[in-house]
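Presented below is the structure to which this report refers.
Heavy atoms only: backbone and side chains are in, while hydrogens, waters and symmetry mates are out.
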Amino acid sequence: MAPAADREGYWGPTTSTLDWCEENYAVTWYIAEFWNTVSNLIMIIPPIFGAIQSVRDGLEKRYIASYLALTVVGMGSWCFHMTLKYEMQLLDELPMIYSCCIFVYCMFECFKMKNSVNYHLLFILVLFSLIVTTVYLKVKEPVFHQVMYGMLVFTLVLRSIYIVTWVYPWLRGLGYTSLGIFLLGFLLWNIDNIFCDSLRNFRKKMPPIIGVATQFHAWWHILTGLGSYLHILFSLYTRTLYLKYRPKVKFLFGIWPVILFEPLRKH
């Protein structure tokens, strides 16, 4: 975490319960944590295109919701790191819980009839979200949020491992790539928290370009944003395989992965 002494800017005093390691208002007077803010673009723009493509392809609404939920997380995180206000912090952290609940629903409904609805699972996930929200608003303890979020991610990891081990082993590459990128982001998140003082001292001695490269919370956004996007692709690939479509992962401009598929032709 960041040391207590930090400059103020356009948004006034910090009211959030967390203040990350990036120096506040160091780049511009209008954005508290510049790099932690702009790094959220990876969670905002690509999922919007994913949602649009999902609508065009006539996919089930839960996958459209998955893309849009990731976009909401990115927008909330943008607002939080731009302002360091408590209200904006909630706009970042609570959608992380809600989006993961959508991911969990998708993963556990991969092998059901098309357009089916599991009301029992929906009820459990909505109840979980309501309980986490209520408790977190009362206790305002970031560790509580982090543990609840970790439980959801762990559930997704176990379900993904089950699918690539017992159902579709040829999806290991996509599944483990998503997981590995996410875990690398988590590692950098911890380094940023634990060694903040050392990182700040290092940045003071290094050229600005090197300092930017050590903004590990920004890298957490980039890597977990990409990992979450790839997880949606993995979930969607699993689902369309079960529905007997022909999914394929393609790379736009040779860089960005998207999923394309066509229904199995009837003879």
Side-chain angles (χ1 to χ4, degrees), residues 1-4 6-52 64-103 129-130 132-150 152-153 182 185-186 188-189 192-193 196 212 215-229 231-232:
M1 302 298 174
D6 242 325
R7 70 184 75 177
E8 287 187 14
Y10 178 79
W11 300 99
T14 296
T15 60
S16 60
T17 60
L18 292 169
D19 188 356
W20 303 101
C21 193
E22 182 179 351
E23 296 80 357
N24 295 350
Y25 297 101
V27 176
T28 169
W29 191 64
Y30 295 99
I31 299 178
E33 297 175 344
F34 181 82
W35 300 109
N36 287 352
T37 299
V38 298
S39 56
N40 286 292
L41 286 173
I42 195 170
M43 281 189 276
I44 298 173
I45 297 176
I48 290 177
F49 286 99
I52 293 172
I64 301 169
S66 293
Y67 281 121
L68 293 180
L70 184 56
T71 294
V72 170
V73 171
M75 293 172 66
S77 183
W78 178 291
C79 293
F80 169 36
H81 291 285
M82 181 174 68
T83 66
L84 290 179
K85 293 297 184 182
Y86 176 67
E87 295 79 9
M88 299 300 105
Q89 179 181 347
L90 295 177
L91 197 61
D92 172 16
E93 293 176 329
L94 292 178
M96 289 171 66
I97 299 294
Y98 308 151
S99 62
C100 262
C101 284
I102 296 173
F103 297 166
S129 297
L130 288 174
V132 170
T133 300
T134 303
V135 173
Y136 191 45
L137 289 176
K138 187 172 181 62
V139 302
K140 298 183 180 180
E141 174 52 65
V143 174
F144 170 77
H145 168 268
Q146 291 159 9
V147 170
M148 295 299 103
Y149 178 68
L152 290 170
V153 171
F182 193 97
F186 181 61
L188 295 181
W189 181 84
D192 190 72
N193 288 337
C196 180
V212 171
Q215 297 289 356
F216 290 144
H217 193 88
W219 281 109
W220 150 260
H221 289 160
I222 293 169
L223 293 170
T224 55
L226 176 57
S228 297
Y229 178 87
H231 171 79
I232 297 174

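No more than 12 heavy atoms of other residues, nucleotides or ligands lie within 6.0 Å of CZ in Phe49, so this atom counts as exposed by the packing criterion.
The structure places CG of Leu70 at 10.5 Å from CE of Met96, a figure rounded to the nearest 0.5 Å. The line from CD of Glu93 to CE of Met148 is 13.5 Å long, rounded to the nearest 0.5 Å. Rounded to the nearest 0.5 angstrom, Ser77 OG and Asn40 CG are separated by 3.5 Å. Summarising the geometry, atom CD1 belonging to Ile232 is positioned 12.0 Å from atom CD1 belonging to Ile64; distances are rounded to the nearest 0.5 Å.
Smallest separation of non-hydrogen atoms from Val73 and Ser99: CG2-OG, 3.6 Å. The two atoms that bring Tyr149 and Cys100 nearest to each other are CE1-SG, 3.5 Å, heavy atoms only.
Residues meeting the side-chain contact (heavy atoms from CB on, under 4.5 Å) test with Leu90, sequence neighbours left out: Tyr86, Leu94, Tyr136, Leu137. Contacts of His221 classified as ring pair (Phe, Tyr, Trp, His ring centres under 6.0 Å), with partners at least two apart in sequence or in another chain: His81, His217. Among residues two or more places apart in sequence or in another chain, the side-chain contact (heavy atoms from CB on, under 4.5 Å) test is passed with Ala218 by Trp35, Asn36, Ser39, Gln215. Applying the ring pair (Phe, Tyr, Trp, His ring centres under 6.0 Å) rule to Tyr229 yields the partners Trp256; only residues at least two apart in sequence or on another chain are considered. Residues that satisfy the side-chain contact (heavy atoms from CB on, under 4.5 Å) test with Thr224, not counting sequence neighbours, are Phe182, Trp220. The side chain to side chain donor-acceptor pair (under 3.5 Å) test applied to Tyr25 returns no partner, not counting sequence neighbours. Considering only residues two or more places apart in sequence or on other chains, Leu223 meets the side-chain contact (heavy atoms from CB on, under 4.5 Å) condition with Ile181, Leu184, Leu188. Under the rule for a side chain to side chain donor-acceptor pair (under 3.5 Å), Ser16 has no partner lying at least two apart in sequence or in another chain. Remark: Phe186 engages Trp189 in a ring pair (Phe, Tyr, Trp, His ring centres under 6.0 Å) (not counting sequence neighbours). Partners of Thr15 according to the side chain to side chain donor-acceptor pair (under 3.5 Å) rule, which considers only residues two or more places apart in sequence or in another chain, do not exist here.
With hydrogens and angles disregarded, a donor-acceptor distance shorter than 3.5 Å links the side chain of Trp11 to the backbone of Tyr30. Without hydrogens or angle criteria, Thr133 side chain to Ser129 main chain gives a donor-acceptor distance under 3.5 Å.
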Verdict with reasoning, Phe80 to Thr37, per side chain to side chain contact (heavy atoms under 4.5 Å, CB included):
CA-CA 8 Å; Phe80 169 36; Thr37 299; over 6 Å; no

Between Val153 and Phe103, does a side chain to side chain contact (heavy atoms under 4.5 Å, CB included) hold up when you go through it step by step?
CA-CA 9 Å; Val153 171; Phe103 297 166; over 6 Å; no

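Between Tyr10 and Thr83 there is no side-chain heavy-atom pair separated by less than 4.5 Å. No side-chain heavy atom of Cys79 sits less than 4.5 Å from a side-chain heavy atom of Asp92. By the 4.5 Å heavy-atom criterion applied to side chains, Phe34 and Thr28 are counted as neighbours. With contacts defined as side-chain heavy-atom distances shorter than 4.5 Å, the pair Asp19/Glu33 qualifies. Under the 4.5 Å side-chain criterion, counting only non-hydrogen atoms from C-beta, Cys21 is not in contact with Phe216.
Considering Ile97, Leu18, Thr17 in turn, Ile97 is the only one that fulfils the side chain to side chain contact (heavy atoms under 4.5 Å, CB included) rule with His145.
Here side-chain hydrogen bond (donor to acceptor under 3.5 Å, both in side chains) pairs that include residues 64-73, with residues two or more places apart or in two chains, number zero.
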